[in-house]
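Report on the following structure.
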Amino acid sequence: MKAYHLHGDAGVGSLVRADVTKPEPAKGEVRIRVEAASLNYRDLLTLDAAGQGGLNGRVPLSDGAGVVDAVGSDVTQWHVGDRVAASFFRDWISGPFKSGYVASAHGGRTLDGLLTEYVVLPATALVAVPEHLSVMEAATLPCAAVTAWHGLITRGGLSKGDTLLVQGTGGVALFGLQFAVALGARVIVISSSNAKLDRAKALGASILINYRDTTDWDVAVMKATDGQGASHILELGGPATYDRSIRSVASGGKIVQIGVLTGFGPKPDLARLQWENADIIGVTVGSVEHFAAMNRFLAEHAIHPIVDSTYGFDDVPDAYADLRAGSHFGKVVVKL
Ligand SMILES: NC(=O)c1ccc[n+]([C@@H]2O[C@H](COP(=O)([O-])OP(=O)(O)OC[C@H]3O[C@@H](n4cnc5c(N)ncnc54)[C@H](OP(=O)(O)O)[C@@H]3O)[C@@H](O)[C@H]2O)c1
């Protein structure tokens, strides 16, 4: 079977095609014929770290979906032909997060990912693909969608009448937008592109701010919300956005701490959080249980992920370059 491996130095040159032996499922495991995989910003960070500890020879990409092709003994919940998606963390099935789960992230330093024709995973690390979704659409869900769901809904309690601010129009941001619109919450989008803001409006966002033209977008958020601010913020930027997020949050609001788009280690001024009685919620993707709950919501509201572009297996380096360029709106997918 064919797969991509990371080899050598950082950059797209480290994506190397390989012919490898098709794996066999052992007891409690399932083999999946991967039909689609999707890229996340994390995969650019991983590519940039290629050649460093643990990544040499790794199959990249955490996100993928496909069809069950073989089951090992003792597997009762899955059958050949079932459509499934892999959860981001192999070992976080349910309950609260434990730091030990980090090492079970697919497509990172310790575990292979989904950019491969066949993958064997524990039966417990899978979720069923909702009937209304294609496998291509389902491949966009494991990282970005579950992160937005876990942060905003499970932990953040987002509901009708709330106001959500999302930063940009990438994967996590648009899933957050779609969940909020389905719940009857108001959505503020900041983006570098007026064309993307128009598309966000068509999805139901009502306050649209171009952060290139309006660099003090926090002031614009306050003005557009009559001084109230956003009850929920998907903090995706990091150092360049954090203080503006804090200045945009409503009294009693929640900043869902997720992203590193402008770097690591923000040193925000937290004083306003105290005076507004606001919270920061730290999120690392989510569990199989979160994924399954989110899928029920997607089905109930007939939500389809926004797939921006699709690449063939031979064009994987172009898919990475596309994500790196930042011109995408939603998700970049690889069809296997
Ligand atoms: N903690 C976790 O568990 C977790 C899980 C998933 C993702 N993440 C993180 O969340 C972030 C988003 O991930 P993703 O996969 O959704 O990324 P993505 O799809 O690559 O989205 C990138 C988009 O972010 C926007 N952006 C870039 N710089 C910005 C800035 N300074 N201010 C506002 N928006 C900006 C741009 O949108 P426009 O073109 O519209 O401006 C860009 O296209 C990343 O940092 C990723 O590492 C963390």
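Just so we're clear, the structure is a prediction, and the values are computed from it rather than from any experiment. Counting convention: from 1, in listed order, for ligands and their atoms alike.
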For ligand 1, which part of [X] has a heavy atom less than 4.0 Å away: the side chain, the backbone, both, or neither?
X	result
S192	both
L44	neither
A240	neither
L261	both
F329	neither

Please say whether the positively charged group of K2, taken as NZ for Lys or CZ for Arg, lies over the ring of F313, i.e. under 6.0 angstrom from the six-membered ring centre and within 45 degrees of the axis.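 Checked: cation-pi criterion met.
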
Ring of F329, cation from K196 - is the NZ or CZ under 6.0 Å from the centre and inside 45° of the axis?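 Output no; distance or angle outside limits.
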
Taking the inter-plane angle between the rings of F89 and W92 on a 0 to 90° scale, is it parallel (under 30°), tilted (30 to 60°) or perpendicular (over 60°)?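 It falls in the tilted class, 30° to 60°.
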
Do any N/O atoms on [X] end up under 3.5 angstrom from N/O atoms on ligand 1?
X	value
V285	yes
K331	no
L323	no
G171	yes
Q257	no
H328	yes

Considering only the protein, which heavy-atom contact is closest to atom 15 (O) of ligand 1, and what is its distance?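 Result: Y41 N, 3.0 Å.
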
S193 near ligand 1 by a heavy-atom separation under 4.0 Å: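 For ligand 1, residue contact (heavy atoms, under 4.0 Å) with S193 is absent.
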
Determine, using heavy atoms of G237 and all atoms of ligand 1, whether some pair is separated by less than 4.0 Å.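 G237: no contact with ligand 1 (<4.0 Å).
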
Looking at D314, I want to see if its CG is surrounded by more than 12 non-hydrogen atoms of other residues, nucleotides or ligands under 6.0 Å.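 More than 12 heavy atoms, drawn from other residues, nucleotides or ligands, come within 6.0 Å of this atom.
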
Counting heavy atoms only, which of D43, V172, I258 comes nearest to atom 48 (C) of ligand 1?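 Looking at heavy atoms only, I258 sits closest to atom 48 (C) of ligand 1.
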
Would you say atom 42 (C) of ligand 1 touches the protein, meaning some protein heavy atom is under 4.0 Å from it?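 For atom 42 (C) of ligand 1 the answer is no, since every protein heavy atom stays at 4.0 Å or beyond.
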
is_close_aromatic(W149, F175), centroid dist under 6.0 Å: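 That pair fails the under 6.0 Å test.
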
